[in-house]
Amino acid sequence: MSSALALRDAVLDEGSFRSWDSAPLQVARSDAYRAELRAAAEKSGLDESVLTGEGTVHGRRVAVLACEFDFLAGSIGVAAAERITAAITRATAERLPLLASPASGGTRMQEGTVAFLQMVKIAAAVELHKREHLPYIVYLRHPTTGGVFASWGSLGHVTAAEPGALIGFLGPRVYEQLYGEKFPPDVQTAENLYRHGVIDGVVPPEALRSVLDRTLAVILDPPGPPPPAPQPAAIADIPAWDSVLASRRPDRPGAEYVLRHGATDPVVLSASGGPERRDPDTEQDTTSGQTLLALARFGGQPAVVLGQRRLGMLGPEALRAARRGMALAAGLRLPLVSFIDTAGPALSADAEQDGLAGEIARCLAELVTVPVPTVSILLGQGSGGPALAMVPADRVLAAQHGWLAPLPPEGASAIVFRDTDHAPELSAAQGIRSADLLRNGIVDVIVAEQPDAADEPKAFTARLSATIAGELHRLRAMSDIERVGTRLHRYRRIGL
């Protein structure tokens, strides 16, 4: 368990911290409670269960608030809540990113229901901070439970936790006293919540400064000039079916490869919108694990990155994860870069009952209207609704062997010919290849493969990254109204 002071010193530049704390409100009504407060102050060295202030992280101003568990289990009463709310409000007024680090058992029982209601004003202050498009980053320490976890501890744009931390809504001791049995083991741990997508990562305190630095670099640092655009290359007239086969090569670079080799300052986040599900036969994750979500820079241009991971059919959870990325981009006023590479939608009873069609619809509606610059890339397969849901961007790029179709060609053949033998014929007839998409105004730029991205992954990724950077740089020069209006007009006119 790390203390509030140790966390402060581990994260901030040496000597940069300046406290924002004034004397805590005097709310104790009994001698016994006043004695508890005095004992807590002596034990912790602090005058309340939370400290607030500002410092710098590699020269960037950052507001910080951190709970101290040694002060009455980090519990939140009226005085602590007022200190927290004042700090959040000041961070908003001064337009500072905010790092919040709870370590708390929740509501201070000595103050009862009045203390319980303090979570409302803290959550309101956090929401107002986020509505100003200011970063709110949460680092959960051991332990974080109760109303703190169920309010300001769960509202971060980015949320990490320290290894082994107990994190949960209902504390295990309370559960055991209420129900006469122990809480199931290994559920309320940082590692388990990370596996289930509740938090974005498990980060040791000594590594938090580095992760925070990379996160702030993407969110706060101004974009630099883009790298030189790749030299134009002739696009060979390749049959559509050849591109389909090329896009299915298992060694083809996917979104993760592009993020690793074509971007800088990557911070990979959880893309989960709910519990993980696994195919009982293959043991593959069939839901949110198929969506990559990250913060990163392409050629100096910051972005939220979404990527389909080519692990099979995509279900509703994968699309909910994509929507989290769209909301994050809008909330932080960052461009959105989306990589499309999917064999199609999950065809199952679970997918239907979990609202697959509705998630596709919501993705489409939110992406086409999101008020930030958007670039979508047909990286490989672009089959069905989950591919379409990620297409409608300001600029659409395609790898030479990328393609887009209502169904995989075999599915179209099954509908038209009642067999799959005509898939090559239908892939040509439906105009699914990148050259056809360019001609029909669906794609704006084709990134050459020489002759196949799988055979030159790093060179291809460099060309693609430079192209993305150039597009993002140009889109930033447009106003939101002009950019969104142009985007809507574009998709109104396709096919006319």
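Here, residue 1 is the first one in the sequence, and each next residue gets the next number. From a predicted model like this one, the values you see are computed outputs, not experimental measurements.
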Salt bridge (Lys or Arg N to Asp or Glu O under 4.0 Å) between Arg333 and Asp480, worked out: CA-CA 11 Å; Arg333 302 297 291 166; Asp480 291 349; 2.2 Å; yes

Check ion pair Glu471-Arg476 (N to O, under 4.0 angstrom): no

Heavy-atom side-chain contact between Leu332 and His133 under 4.5 Å: no

Electrostatic pair Asp394:Arg487 at N-O distance under 4.0 angstrom: yes

Minimum-distance pair of heavy atoms, taken over all atoms of Pro227 and Ala469: CD-CB, 3.7 Å

Pairwise distance CZ(Phe298) to CG(Leu472) - rounded to 0.5 angstrom: 8.0 Å

Minimum-distance pair of heavy atoms, taken over all atoms of Pro205 and Ala10: O-CB, 4.2 Å

Student check: side-chain heavy atoms of Leu220 and Pro135 closer than 4.5 Å: yes

Test item: Val337 and Val304 side chains (from C-beta on) under 4.5 Å apart, heavy atoms: no

Asp354 with Arg320: basic N within carboxylate O range, under 4.0 Å: yes

Flag side-chain contact, heavy atom, 4.5 Å: Leu328 against His157: yes

Ion pair Arg433/Asp242, N-O distance below 4.0 Å: no

Whether His129 and Tyr136 hold their rings parallel, tilted or perpendicular, with breakpoints at 30° and 60°: perpendicular

Other residues, nucleotides, ligands: >12 heavy atoms within 6.0 Å of Ile494 CD1: yes

Shortest non-hydrogen separation from Gly254 to Leu379 and the atoms involved: C-CD2, 3.5 Å

Close side-chain approach of Val148 to Phe169, heavy-atom, < 4.5 Å: no

Side-chain donor or acceptor of Arg490 paired with backbone N/O of Ile442 under 3.5 Å: yes

Derivation of the side-chain contact (heavy atoms from CB on, under 4.5 Å) call for Leu208 and Leu7: CA-CA 9 Å; Leu208 181 60; Leu7 177 87; 3.7 Å; yes

Pairs satisfying ring pair (Phe, Tyr, Trp, His ring centres under 6.0 Å), at least one member in residues 379-405, at least two apart: none

side-chain hydrogen bond (donor to acceptor under 3.5 Å, both in side chains) involving Asp251 - partner list, sequence neighbours excluded: Arg249

Under 3.5 Å: donor-acceptor pair, side chain of Thr89, backbone of Thr85: yes

Donor-acceptor pair, side chain of Ser16 and main chain of Asp13, under 3.5 angstrom: yes

Electrostatic pair Arg260:Glu256 at N-O distance under 4.0 angstrom: no

From CA spacing to verdict: side-chain contact (heavy atoms from CB on, under 4.5 Å), Phe149, Val138: CA-CA 11 Å; Phe149 184 45; Val138 175; over 6 Å; no

Distance (rounded to the nearest 0.5 Å) between Ile446 CD1 and Ser434 OG: 4.0 Å

Tyr491, OH atom: more than 12 neighbouring heavy atoms under 6.0 Å: yes

Separation between CG of Leu295 and CG of Leu269, rounded to the nearest 0.5 Å: 5.0 Å

Within-4.5 Å side-chain heavy-atom neighbours: Thr92 and Leu128: no

Heavy-atom donor-acceptor pair, Lys130 side chain to Ala125 backbone, under 3.5 Å: no

Ala399 versus Phe460, closest heavy-atom pair with distance: CB-CZ, 3.7 Å

Partners meeting side-chain hydrogen bond (donor to acceptor under 3.5 Å, both in side chains) with Gln430 (sequence neighbours left out): none

Test item: Thr145 side-chain N/O and Gly168 main-chain N/O as donor-acceptor pair under 3.5 Å: no

Trace of the side-chain contact (heavy atoms from CB on, under 4.5 Å) decision for Leu65 with Leu51: CA-CA 6 Å; Leu65 65 91; Leu51 65 82; over 6 Å; no

Glu206 atom CD: more than 12 heavy-atom contacts under 6.0 Å: yes

Carboxylate-amine/guanidinium proximity below 4.0 Å for Arg18 and Glu54: no

From CA spacing to verdict: side-chain contact (heavy atoms from CB on, under 4.5 Å), Leu464, Phe339: CA-CA 11 Å; Leu464 177 60; Phe339 293 98; 4.0 Å; yes

Shortest non-hydrogen contact from Ile199 toward Ala161: CD1-CB, 3.7 Å

Flag, side chain of Arg324 to backbone of Ser270, donor-acceptor distance under 3.5 Å: yes

Of Thr374, Leu378, Ile340, the residue whose pairing with Met390 passes side chain to side chain contact (heavy atoms under 4.5 Å, CB included): Ile340

Leu193 and its side chain to side chain contact (heavy atoms under 4.5 Å, CB included) partner, picked from Asp200, Val202, Ile167: Ile167

Leu314 backbone acceptor or donor facing Gln308 side chain under 3.5 Å: no

Ala330 to Val370 - nearest heavy-atom pair and separation: CB-CG2, 4.0 Å

Separation of Leu388 CG from Thr342 OG1 (nearest 0.5 Å): 12.0 Å

Electrostatic pair Asp9-Arg209, nearest N-O below 4.0 angstrom: no

Pairwise distance CD(Gln301) to OG(Ser465) - rounded to 0.5 angstrom: 10.0 Å

Polar side-chain atom of Glu162 near backbone of His142 as donor-acceptor pair, under 3.5 Å: yes

Thr461 side-chain N/O to Pro457 backbone N/O, donor-acceptor pair under 3.5 Å: yes

Cationic N near anionic O, under 4.0 Å, Arg195 to Glu191: no

Qualifying residue, where the test is side chain to side chain donor-acceptor pair (under 3.5 Å) with Asp221 and the options are His58, Arg60, Arg297: Arg60

Derivation and outcome, side chain to side chain donor-acceptor pair (under 3.5 Å), residues Arg141 and Ser101: CA-CA 7 Å; Arg141 295 173 13 254; Ser101 184; 3.1 Å; yes

Beyond-backbone contact of Arg95 with Arg61, side-chain heavy atoms, under 4.5 angstrom: no

Arg214 side-chain N/O to Pro266 backbone N/O, donor-acceptor pair under 3.5 Å: yes

Close side-chain approach of Leu306 to Thr291, heavy-atom, < 4.5 Å: yes

